[in-house]
Amino acid sequence: VELTLLIALMAAATYLTRALPLIVPGANRLAAWTVRWIGPAAPATLAALAAVNVLLGPSQTRFALSPLVPAVGAALALMWWRQNLPASIAVGVAVTAAIRWLA
Amino acid sequence: MALATESIAGRSLGELRRRLLLESLALAVSPVGFGLTFGLAAKAAGLTLGASLAMSAFVMAGAAQFSSLILLGQGTHWAVIVGLTAMINLRNLVFAAALAPWLTKTALGHRAAMAQILADETFALALAHFRRVGRADLGGYWITGVTSVGWVLATGVGYLAASLVPDPSALGLDAVFPSAMACLTILLIDAKSAALTTILAAAAAVVLGLLLPPGLPVVAAALVAVLLTPVAKRLVG
(Lines give C-alpha, C1' and ligand atoms only; values in the text may rest on other atoms or scores of the structure.)
Protein backbone atom coordinates (compact mmCIF):
# COMPACT_ATOMS: atom_id res chain seq x y z
CA VAL A 1 0.00 0.00 0.00
CA GLU A 2 2.86 2.38 0.83
CA LEU A 3 4.46 1.75 -2.55
CA THR A 4 1.11 2.32 -4.27
CA LEU A 5 0.79 5.67 -2.48
CA LEU A 6 4.34 6.61 -3.41
CA ILE A 7 3.68 5.81 -7.08
CA ALA A 8 0.51 7.93 -6.91
CA LEU A 9 2.44 10.86 -5.42
CA MET A 10 5.23 10.50 -7.98
CA ALA A 11 2.60 10.44 -10.73
CA ALA A 12 0.97 13.57 -9.30
CA ALA A 13 4.29 15.41 -9.05
CA THR A 14 5.19 14.51 -12.63
CA TYR A 15 1.71 15.34 -13.91
CA LEU A 16 1.91 18.83 -12.42
CA THR A 17 5.09 19.55 -14.39
CA ARG A 18 3.30 18.42 -17.56
CA ALA A 19 -0.03 20.07 -16.99
CA LEU A 20 0.49 23.40 -15.24
CA PRO A 21 1.37 25.51 -18.31
CA LEU A 22 -1.45 23.80 -20.25
CA ILE A 23 -4.25 24.32 -17.74
CA VAL A 24 -3.29 27.34 -15.62
CA PRO A 25 -3.42 30.73 -17.36
CA GLY A 26 -0.15 32.66 -17.02
CA ALA A 27 1.80 29.62 -15.81
CA ASN A 28 4.16 29.96 -18.76
CA ARG A 29 6.12 32.72 -17.05
CA LEU A 30 6.33 30.73 -13.81
CA ALA A 31 7.52 27.73 -15.84
CA ALA A 32 10.36 29.72 -17.38
CA TRP A 33 11.45 31.07 -13.98
CA THR A 34 11.35 27.62 -12.34
CA VAL A 35 13.29 25.94 -15.11
CA ARG A 36 15.89 28.71 -15.10
CA TRP A 37 16.60 28.52 -11.37
CA ILE A 38 15.85 24.92 -10.39
CA GLY A 39 16.52 23.22 -13.74
CA PRO A 40 20.29 22.78 -13.15
CA ALA A 41 19.45 20.55 -10.18
CA ALA A 42 18.08 17.81 -12.46
CA PRO A 43 21.36 16.59 -14.02
CA ALA A 44 23.12 17.12 -10.68
CA THR A 45 20.61 14.84 -8.97
CA LEU A 46 21.10 12.05 -11.50
CA ALA A 47 24.89 12.39 -11.43
CA ALA A 48 24.86 12.33 -7.62
CA LEU A 49 22.76 9.16 -7.60
CA ALA A 50 25.16 7.47 -10.02
CA ALA A 51 28.31 8.66 -8.25
CA VAL A 52 27.15 7.62 -4.76
CA ASN A 53 25.96 4.26 -6.07
CA VAL A 54 29.22 3.53 -7.91
CA LEU A 55 31.84 5.02 -5.58
CA LEU A 56 30.35 4.23 -2.17
CA GLY A 57 28.43 1.02 -2.92
CA PRO A 58 25.47 -0.22 -0.89
CA SER A 59 27.08 0.34 2.54
CA GLN A 60 27.82 4.04 1.92
CA THR A 61 30.45 4.01 4.69
CA ARG A 62 33.67 4.03 2.61
CA PHE A 63 34.92 4.31 -0.95
CA ALA A 64 34.62 1.04 -2.89
CA LEU A 65 36.45 0.35 -6.16
CA SER A 66 33.99 -2.10 -7.72
CA PRO A 67 33.60 -3.33 -11.33
CA LEU A 68 30.89 -0.67 -11.63
CA VAL A 69 33.52 2.08 -11.83
CA PRO A 70 35.02 1.06 -15.21
CA ALA A 71 31.62 -0.17 -16.39
CA VAL A 72 29.88 3.16 -15.85
CA GLY A 73 32.94 4.91 -17.26
CA ALA A 74 32.60 2.88 -20.47
CA ALA A 75 28.86 3.54 -20.63
CA LEU A 76 29.47 7.27 -20.19
CA ALA A 77 32.11 7.30 -22.92
CA LEU A 78 29.78 5.61 -25.41
CA MET A 79 26.92 7.91 -24.44
CA TRP A 80 29.12 10.94 -24.97
CA TRP A 81 30.19 9.62 -28.37
CA ARG A 82 26.96 8.17 -29.82
CA GLN A 83 24.13 9.56 -27.64
CA ASN A 84 22.58 6.08 -27.62
CA LEU A 85 21.10 5.30 -24.22
CA PRO A 86 20.14 1.60 -24.55
CA ALA A 87 23.50 0.74 -26.17
CA SER A 88 25.40 2.64 -23.48
CA ILE A 89 23.59 0.84 -20.68
CA ALA A 90 24.24 -2.47 -22.46
CA VAL A 91 27.97 -1.68 -22.54
CA GLY A 92 27.91 -0.92 -18.80
CA VAL A 93 26.26 -4.27 -18.12
CA ALA A 94 28.65 -6.15 -20.44
CA VAL A 95 31.79 -4.63 -18.88
CA THR A 96 30.55 -5.45 -15.37
CA ALA A 97 29.77 -9.04 -16.34
CA ALA A 98 33.11 -9.43 -18.11
CA ILE A 99 35.12 -8.15 -15.12
CA ARG A 100 33.26 -10.47 -12.74
CA TRP A 101 33.75 -13.40 -15.09
CA LEU A 102 37.50 -12.74 -15.36
CA ALA A 103 37.99 -12.19 -11.60
CA MET B 1 9.15 27.77 -43.13
CA ALA B 2 9.80 24.56 -45.07
CA LEU B 3 7.60 22.64 -42.62
CA ALA B 4 4.75 25.10 -43.04
CA THR B 5 5.01 24.85 -46.83
CA GLU B 6 4.38 21.06 -46.70
CA SER B 7 0.84 21.48 -45.47
CA ILE B 8 0.14 24.08 -48.14
CA ALA B 9 1.60 21.82 -50.84
CA GLY B 10 -1.59 19.75 -51.02
CA ARG B 11 -0.97 17.09 -48.42
CA SER B 12 -4.13 15.93 -46.69
CA LEU B 13 -4.44 15.64 -42.92
CA GLY B 14 -4.65 11.87 -43.33
CA GLU B 15 -1.30 11.76 -45.13
CA LEU B 16 0.31 13.93 -42.48
CA ARG B 17 -1.10 11.70 -39.73
CA ARG B 18 0.22 8.58 -41.45
CA ARG B 19 3.63 10.21 -41.62
CA LEU B 20 3.32 11.08 -37.93
CA LEU B 21 2.45 7.48 -37.08
CA LEU B 22 5.54 6.21 -38.91
CA GLU B 23 7.68 8.79 -37.11
CA SER B 24 6.13 7.81 -33.76
CA LEU B 25 6.81 4.12 -34.38
CA ALA B 26 10.42 4.92 -35.30
CA LEU B 27 10.89 7.07 -32.22
CA ALA B 28 9.24 4.41 -30.02
CA VAL B 29 12.44 2.36 -30.33
CA SER B 30 14.08 4.55 -27.72
CA PRO B 31 11.39 4.32 -24.99
CA VAL B 32 10.96 0.61 -25.75
CA GLY B 33 14.68 -0.01 -25.15
CA PHE B 34 14.57 2.09 -22.03
CA GLY B 35 11.36 0.43 -20.84
CA LEU B 36 12.95 -3.01 -21.18
CA THR B 37 15.86 -1.80 -19.07
CA PHE B 38 13.54 -0.34 -16.46
CA GLY B 39 11.62 -3.62 -16.27
CA LEU B 40 14.88 -5.48 -15.62
CA ALA B 41 15.89 -2.95 -12.97
CA ALA B 42 12.49 -2.94 -11.29
CA LYS B 43 12.58 -6.71 -10.94
CA ALA B 44 16.11 -6.53 -9.50
CA ALA B 45 14.94 -3.85 -7.04
CA GLY B 46 12.18 -6.13 -5.75
CA LEU B 47 9.13 -4.37 -7.20
CA THR B 48 6.14 -6.46 -8.21
CA LEU B 49 5.13 -6.64 -11.87
CA GLY B 50 2.00 -4.61 -11.09
CA ALA B 51 3.96 -1.86 -9.34
CA SER B 52 6.48 -1.71 -12.19
CA LEU B 53 3.73 -1.40 -14.79
CA ALA B 54 1.83 1.15 -12.67
CA MET B 55 4.93 3.27 -12.32
CA SER B 56 5.56 3.25 -16.07
CA ALA B 57 1.91 3.92 -16.88
CA PHE B 58 1.20 6.70 -14.38
CA VAL B 59 4.58 8.31 -13.65
CA MET B 60 5.83 7.69 -17.20
CA ALA B 61 9.19 9.39 -16.61
CA GLY B 62 12.28 7.23 -17.09
CA ALA B 63 14.91 9.10 -15.12
CA ALA B 64 12.64 9.70 -12.15
CA GLN B 65 11.57 6.05 -12.14
CA PHE B 66 15.19 4.82 -12.12
CA SER B 67 16.05 7.28 -9.35
CA SER B 68 13.14 6.09 -7.23
CA LEU B 69 14.36 2.49 -7.48
CA ILE B 70 17.74 3.47 -6.06
CA LEU B 71 16.24 5.68 -3.36
CA LEU B 72 13.67 3.06 -2.37
CA GLY B 73 16.51 0.57 -1.94
CA GLN B 74 18.26 3.04 0.36
CA GLY B 75 15.15 3.54 2.46
CA THR B 76 14.90 7.21 1.55
CA HIS B 77 11.93 9.20 2.92
CA TRP B 78 8.99 9.36 0.51
CA ALA B 79 8.93 13.15 0.49
CA VAL B 80 12.51 13.24 -0.82
CA ILE B 81 11.62 10.77 -3.61
CA VAL B 82 8.55 12.78 -4.63
CA GLY B 83 10.46 16.07 -4.51
CA LEU B 84 13.30 14.71 -6.63
CA THR B 85 10.76 13.26 -9.07
CA ALA B 86 9.32 16.73 -9.64
CA MET B 87 12.78 18.25 -9.96
CA ILE B 88 13.99 15.70 -12.51
CA ASN B 89 10.86 16.28 -14.61
CA LEU B 90 11.01 20.07 -14.62
CA ARG B 91 11.81 20.05 -18.32
CA ASN B 92 8.19 19.04 -18.92
CA LEU B 93 7.25 22.58 -17.90
CA VAL B 94 9.12 23.83 -20.95
CA PHE B 95 7.42 21.32 -23.25
CA ALA B 96 3.97 22.21 -21.92
CA ALA B 97 4.68 25.92 -22.13
CA ALA B 98 5.76 25.51 -25.78
CA LEU B 99 2.59 23.59 -26.67
CA ALA B 100 0.21 25.86 -24.73
CA PRO B 101 -0.10 28.56 -27.45
CA TRP B 102 -1.26 25.91 -29.95
CA LEU B 103 -4.01 24.69 -27.62
CA THR B 104 -5.79 27.90 -26.62
CA LYS B 105 -9.01 26.74 -28.34
CA THR B 106 -8.85 23.21 -26.90
CA ALA B 107 -11.20 22.34 -24.03
CA LEU B 108 -9.65 22.38 -20.57
CA GLY B 109 -10.50 18.73 -19.94
CA HIS B 110 -8.85 17.68 -23.18
CA ARG B 111 -5.70 19.69 -22.38
CA ALA B 112 -5.60 18.08 -18.92
CA ALA B 113 -5.79 14.62 -20.52
CA MET B 114 -3.16 15.46 -23.13
CA ALA B 115 -0.72 16.40 -20.36
CA GLN B 116 -0.55 12.81 -19.11
CA ILE B 117 1.38 11.58 -22.16
CA LEU B 118 3.55 14.67 -22.59
CA ALA B 119 7.19 13.52 -22.66
CA ASP B 120 10.35 14.13 -24.68
CA GLU B 121 9.19 12.06 -27.66
CA THR B 122 5.54 13.14 -27.72
CA PHE B 123 6.55 16.78 -27.45
CA ALA B 124 9.03 16.60 -30.32
CA LEU B 125 6.64 14.67 -32.57
CA ALA B 126 3.55 16.74 -31.76
CA LEU B 127 5.21 20.12 -32.21
CA ALA B 128 6.67 19.11 -35.58
CA HIS B 129 3.24 17.78 -36.64
CA PHE B 130 1.40 20.94 -35.52
CA ARG B 131 3.84 23.02 -37.55
CA ARG B 132 3.34 20.85 -40.63
CA VAL B 133 -0.45 21.03 -40.32
CA GLY B 134 -0.37 24.72 -39.43
CA ARG B 135 -2.61 24.30 -36.37
CA ALA B 136 -3.11 22.00 -33.38
CA ASP B 137 -4.25 18.54 -34.52
CA LEU B 138 -5.56 16.75 -31.45
CA GLY B 139 -5.97 13.41 -33.24
CA GLY B 140 -2.35 13.67 -34.30
CA TYR B 141 -1.27 14.42 -30.75
CA TRP B 142 -2.80 11.17 -29.52
CA ILE B 143 -1.04 9.24 -32.30
CA THR B 144 2.26 10.23 -30.66
CA GLY B 145 1.06 8.24 -27.62
CA VAL B 146 2.37 5.15 -29.44
CA THR B 147 5.70 5.92 -27.78
CA SER B 148 4.09 5.89 -24.31
CA VAL B 149 2.32 2.59 -24.96
CA GLY B 150 5.63 1.08 -26.08
CA TRP B 151 7.27 2.28 -22.87
CA VAL B 152 4.69 0.56 -20.65
CA LEU B 153 4.59 -2.69 -22.63
CA ALA B 154 8.38 -2.87 -22.74
CA THR B 155 8.50 -2.47 -18.95
CA GLY B 156 6.39 -5.61 -18.61
CA VAL B 157 8.52 -7.55 -21.10
CA GLY B 158 11.74 -6.46 -19.36
CA TYR B 159 10.34 -7.48 -15.97
CA LEU B 160 9.29 -10.91 -17.19
CA ALA B 161 12.64 -11.42 -18.95
CA ALA B 162 14.46 -10.60 -15.70
CA SER B 163 12.38 -13.24 -13.91
CA LEU B 164 14.15 -15.85 -16.04
CA VAL B 165 17.61 -14.79 -14.75
CA PRO B 166 18.64 -16.58 -11.51
CA ASP B 167 21.55 -14.28 -10.52
CA PRO B 168 21.23 -10.78 -12.04
CA SER B 169 24.56 -9.50 -10.67
CA ALA B 170 26.49 -12.31 -12.43
CA LEU B 171 25.22 -10.87 -15.70
CA GLY B 172 26.15 -7.36 -14.62
CA LEU B 173 22.55 -6.22 -14.32
CA ASP B 174 23.38 -4.20 -11.19
CA ALA B 175 25.19 -1.85 -13.60
CA VAL B 176 21.86 -0.87 -15.16
CA PHE B 177 21.01 1.70 -12.42
CA PRO B 178 24.23 3.69 -12.31
CA SER B 179 24.83 3.44 -16.06
CA ALA B 180 21.33 4.76 -16.79
CA MET B 181 21.68 7.60 -14.27
CA ALA B 182 25.10 8.65 -15.55
CA CYS B 183 24.05 8.50 -19.22
CA LEU B 184 20.81 10.38 -18.63
CA THR B 185 22.87 13.12 -17.00
CA ILE B 186 24.60 13.72 -20.32
CA LEU B 187 21.25 14.15 -22.04
CA LEU B 188 20.22 16.84 -19.56
CA ILE B 189 23.45 18.87 -19.67
CA ASP B 190 22.99 21.72 -22.13
CA ALA B 191 25.85 24.10 -21.27
CA LYS B 192 29.43 24.13 -19.95
CA SER B 193 28.17 25.70 -16.72
CA ALA B 194 25.70 22.82 -16.28
CA ALA B 195 28.54 20.30 -16.78
CA LEU B 196 30.69 22.07 -14.18
CA THR B 197 27.95 22.33 -11.54
CA THR B 198 26.92 18.73 -12.16
CA ILE B 199 30.47 17.44 -11.59
CA LEU B 200 30.91 19.53 -8.45
CA ALA B 201 27.50 18.52 -7.12
CA ALA B 202 28.20 14.83 -7.71
CA ALA B 203 31.56 15.15 -5.95
CA ALA B 204 29.86 16.86 -3.02
CA ALA B 205 27.27 14.07 -2.87
CA VAL B 206 29.99 11.40 -2.67
CA VAL B 207 31.81 13.18 0.18
CA LEU B 208 28.56 13.91 2.02
CA GLY B 209 27.48 10.31 1.41
CA LEU B 210 30.11 9.24 3.95
CA LEU B 211 28.58 11.54 6.58
CA LEU B 212 24.83 11.85 5.97
CA PRO B 213 21.97 9.32 5.95
CA PRO B 214 21.01 7.83 2.52
CA GLY B 215 18.99 10.16 0.31
CA LEU B 216 20.22 13.41 1.84
CA PRO B 217 23.46 13.59 -0.20
CA VAL B 218 21.38 13.68 -3.37
CA VAL B 219 19.26 16.54 -2.01
CA ALA B 220 22.47 18.32 -1.03
CA ALA B 221 23.78 17.85 -4.58
CA ALA B 222 20.64 19.50 -5.96
CA LEU B 223 21.14 22.47 -3.63
CA VAL B 224 24.82 22.73 -4.56
CA ALA B 225 23.87 22.82 -8.25
CA VAL B 226 21.27 25.55 -7.75
CA LEU B 227 23.66 27.68 -5.68
CA LEU B 228 26.69 27.21 -7.95
CA THR B 229 24.93 27.71 -11.29
CA PRO B 230 25.13 31.56 -11.33
CA VAL B 231 28.84 31.39 -10.46
CA ALA B 232 29.52 28.69 -13.07
CA LYS B 233 27.67 30.69 -15.75
CA ARG B 234 29.95 33.64 -15.09
CA LEU B 235 33.08 31.46 -15.15
CA VAL B 236 32.51 29.19 -18.18
CA GLY B 237 29.27 30.37 -19.81
Side-chain angles (χ1 to χ4, degrees), chain A residues 2-4 6-11 13-23 27-28 31-32 34-35 37-56 60-62 67-68 71-72 75-76 79-80 83 85-86 88-89 92-98 100, chain B residues 33-34 37 51 54-55 58-59 61 63-64 67-68 70 78 81-82 84-90 92-94 96-97 100 103 108 111-112 115 118 170-173 175-186 188-189 194 197-198 201-202 205-206 209 214 217-218 221-222 225-226 229:
Chain A
E2 282 179 9
L3 182 60
T4 306
L6 177 67
I7 292 171
L9 289 171
M10 288 174 66
T14 307
Y15 180 77
L16 282 178
T17 66
R18 291 174 166 134
L20 273 179
L22 290 179
I23 60 178
N28 289 9
T34 310
V35 169
W37 289 103
I38 308 179
T45 303
L46 299 185
L49 279 167
V52 169
N53 189 280
V54 169
L55 295 173
L56 299 186
Q60 291 200 24
T61 52
R62 60 186 169 78
L68 292 179
V72 173
L76 265 175
M79 187 68 189
W80 190 273
Q83 298 273 307
L85 186 65
S88 302
I89 294 172
V93 169
V95 170
T96 306
R100 289 203 178 118
Chain B
F34 202 19
T37 317
M55 201 181 270
F58 297 114
V59 181
S67 307
S68 70
I70 295 179
W78 64 267
I81 298 176
V82 174
L84 290 174
T85 297
M87 197 178 291
I88 290 168
N89 291 314
L90 275 178
N92 290 331
L93 283 172
V94 179
L103 304 171
L108 178 64
R111 276 181 277 147
L118 182 59
L171 295 180
L173 292 180
V176 169
F177 285 128
S179 299
M181 292 295 101
C183 294
L184 282 164
T185 302
I186 289 182
L188 293 179
I189 290 176
T197 52
T198 297
V206 171
V218 178
V226 170
T229 293

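Everything numeric in this text was worked out from a predicted model, so none of it was measured. When reading the values below, keep in mind they use all heavy atoms of this one structure, side chains included, and skip hydrogens, waters and symmetry mates. Naming: A, B, ... by sequence-line order, numbering from 1 per chain.
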Please name the pair of heavy atoms, one in A:Met10 and one in B:Val82, separated by the smallest distance, quoted to 0.1 Å. N-CG2, 4.3 Å
Reported CD1-to-CG distance for the pair B:Ile70 and A:Asn53, which is rounded to 0.5 angstrom: 5.0 Å
So, taking the atom named CE in B:Met55 and the one named CG in A:Leu3, what distance separates them when rounded to the nearest 0.5 Å? 6.0 Å
Counting only N and O atoms by type, is there a donor-acceptor contact under 3.5 Å from the side chain of A:Arg18 to the main-chain atoms of B:Leu118? yes
Given heavy-atom pairs under 4.5 angstrom as the criterion, report whether the side chain, backbone, both or neither of B:Ser67 touches chain A. both
Contact leader toward chain B among A:Val54, A:Val95, A:Leu9, A:Leu46, where contacts are heavy-atom pairs under 4.5 Å: A:Leu46
With a 4.5 angstrom heavy-atom cut-off, could you sort out which part of B:Leu84 is near chain A: side chain, backbone, both or neither? side chain
CD1 of A:Ile23 to CG of B:Leu108: how many Å apart, nearest 0.5 Å? 6.5 Å
Look at B:Pro178, B:Ala86, B:Ala202, B:Ala222 and state which one has the largest set of heavy-atom pairs under 4.5 Å with chain A. B:Pro178
Assert top hit (heavy-atom pairs under 4.5 Å, partner chain A, pool B:Ile88, B:Thr37, B:Ile186, B:Ile81) equals B:Ile186
Per-residue tally against chain B (heavy atom, under 4.5 Å) across A:Thr96, A:Val72, A:Leu76, A:Val93 peaks at A:Val93
With a 4.5 angstrom heavy-atom cut-off, which part of A:Leu68 approaches chain B: side chain, backbone, both or neither? side chain
Taking all heavy atoms of A:Leu55 and all of B:Val206, pick out the closest pair and write down the distance. CD1-CG2, 3.9 Å
Between B:Val226, B:Val59, B:Ile189, who has the most heavy-atom pairs with chain A when the cutoff is under 4.5 Å? B:Val59
Which of the residues B:Ala221, B:Ala54, B:Ala175 is involved in the greatest number of heavy-atom pairs with chain A at under 4.5 angstrom? B:Ala175
Please name the pair of heavy atoms, one in A:Thr17 and one in B:Ala96, separated by the smallest distance, quoted to 0.1 Å. O-CB, 4.4 Å
For B:Ala225 and A:Ala41, work out which heavy atoms get closest and say how close. CB-CA, 4.0 Å
Start with the C-alpha gap between A:Thr14 and B:Asn89, add the side-chain angles, then the distance that decides, and say whether side chain to side chain donor-acceptor pair (under 3.5 Å) holds. CA-CA 6 Å; A:Thr14 307; B:Asn89 291 314; 3.2 Å; yes
Distance in Å, A:Leu16 CG paired with B:Thr85 OG1, rounded so as to fall on 0.5 Å steps: 12.0 Å
If you round to the nearest 0.5 Å, how far is CZ of B:Phe58 from OG1 of A:Thr4? 10.5 Å
Taking every heavy atom of B:Ala51 against every heavy atom of A:Ile7, the minimum-distance pair comes out as O-CD1, 3.6 Å
Return yes if some donor-acceptor pair links the side-chain N/O of A:Tyr15 with the main-chain N/O of B:Ala112 below 3.5 Å, else return no. yes
Under a 3.5 Å distance rule, please check whether B:Arg111 uses its side chain to pair with a backbone N or O of A:Leu22 as donor and acceptor. yes
In this structure, CD1 of A:Ile89 is separated from OG of B:Ser179 (nearest 0.5 Å) by 6.5 Å
If you tally heavy-atom pairs under 4.5 Å against chain A, which of B:Ala194, B:Ala182, B:Ala61, B:Ser68 wins? B:Ala182
Restricting to non-hydrogen atoms, name the atom on B:Val218 and the atom on A:Thr45 that form the minimum distance, rounded to 0.1 Å. CG1-CG2, 3.4 Å
For the candidates A:Pro43, A:Ala19, A:Ala13, which exhibits the highest count of non-hydrogen atom pairs separated by less than 4.5 Å from chain B? A:Pro43
